[in-house]
Amino acid sequence: MRVDVITIFPDYFGPLSLSLIGKARGSGLLDLEVHDLRTWTSDVHRTVDDTPYGGGPGMVMRPEPWGQALDAVGPGTLIVPSPVGKPFTQADAQALASLDHLIFACGRYEGIDQRVIDDAAARMPVLEVSLGDYVLFGGEVAVIVIMEAITRLLPGVLGNADSLTEESHAAGLLEAPVYTKPASWRDRDVPDVLRSGDHGRIARWRRDQSLLRTAARRPDMMAAYPPSSLDKADRKT
Ligand SMILES: OB(O)c1ccc2cc[nH]c2c1
């Protein structure tokens, strides 16, 4: 997978050289390049922002540098983290993980001139995505989160691909509690079923725990959970 990130803060992406993402880059599973938006400015001050038409607080990112940057690195699927974007989900991560070329545009200030998004949408798929109902200083941290969600799904990145099937959100539920040694810790014992060796009973316990946890913490997920996967008994919450 090829990924281009365009930002005025390239140093924000140091973390993408660490751990499993760093290994994915080193092995060639992930070809990531971070670009400084100011590369595509032409004035002595390398200006990337200006005052908003219509007035209002703050500054808006100018269209010219962005247009030239996207011309240079595109086409691909353009992902723009934004407070006004569609909520980013595990399903989005899974869909994006199957693509060949992603481009991330990191906004700052009050955002990117809308014409940049509109112009890009005429030439490539554009997704404006939000991580949640809160606002960050800019898109960089969101890109790191999205890159981690996507990269861990790439074949060969996780040592044990089985981890992907049981984890939260992968099957539309929150995962069951996990335990490891010692069997007893501060007078708290591991549930006996997990030490029974009865894999069928363990699987049923884990599914029940997932359903209970999801119903208690995420009724929205439970409401969307495929009815084909639940019999009537399961729906009691
Ligand atoms: O909350 B966010 O994901 C986000 C994304 C981009 C910009 C640009 C200026 N503020 C931003 C916030």
Side-chain angles (χ1 to χ4, degrees), residues 1 3-16 18 21 32-41 43 45-97 99 101-153 168-169 218 220-221:
M1 171 182 281
V3 176
D4 289 288
V5 180
I6 305 168
T7 173
I8 59 171
F9 293 117
D11 290 348
Y12 245 96
F13 294 95
L16 296 188
L18 305 174
I21 294 184
L32 170 71
E33 187 168 355
V34 179
H35 307 270
D36 186 339
L37 178 66
R38 297 185 196 275
T39 303
W40 290 279
T41 58
D43 64 303
H45 298 296
R46 312 188 78 195
T47 309
V48 294
D49 62 315
D50 205 333
T51 54
Y53 275 117
M59 303 290 272
V60 174
M61 299 192 94
R62 295 173 51 234
E64 298 95 329
W66 277 110
Q68 292 172 43
L70 292 174
D71 289 347
V73 305
T77 294
L78 176 61
I79 301 155
V80 186
S82 165
V84 301
K86 169 191 171 293
F88 183 76
T89 66
Q90 187 67 17
D92 294 324
Q94 284 162 345
L96 293 174
L99 300 180
H101 186 194
L102 305 180
I103 303 167
F104 288 95
C106 299
R108 280 273 155 170
Y109 310 108
E110 298 304 313
I112 303 171
D113 186 300
Q114 182 60 41
R115 292 168 293 181
V116 173
I117 310 299
D118 299 342
D119 175 66
R123 293 174 288 134
M124 64 187 93
V126 178
L127 287 73
E128 290 187 81
V129 294
S130 165
L131 293 191
D133 293 341
Y134 49 83
V135 183
L136 305 171
F137 282 121
E140 285 80 5
V141 168
V143 169
I144 291 172
V145 170
I146 294 168
M147 273 302 298
E148 182 155 316
I150 292 170
T151 305
R152 61 193 299 281
L153 298 175
S168 293
H169 303 282
R218 292 294 303 273
D220 59 308
M221 287 177 66

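Numbering of ligands and ligand atoms starts at 1, following listing order. Owing to the predicted nature of the structure, the values given are computational and were not obtained by experimental measurement.
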Heavy-atom count around E148 CD within 6.0 Å, excluding the residue itself: above 12?
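Count not over threshold, so no.
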Pairs under 3.5 Å, N/O atoms on ligand 1 and on the protein: can you put them in a table with the distances?
residue: ligand 1; atom: 1 (O); partner: L136; partner atom: N; Å: 2.8

Over all heavy atoms of both residues, which pair between [X] and [Y] is shortest? Give the atoms and the distance, please.
X: M124; Y: L70; result: CE-O, 4.5 Å
X: V135; Y: P83; result: CG1-CG, 4.0 Å
X: L102; Y: M1; result: CD1-SD, 3.8 Å
X: C106; Y: M61; result: O-SD, 4.2 Å

- Message: Applying side chain to side chain donor-acceptor pair (under 3.5 Å) as the test, list every pair that has at least one member in residues 66-75; sequence neighbours left out.
- Response: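 Listed by first then second residue: D71-R123.
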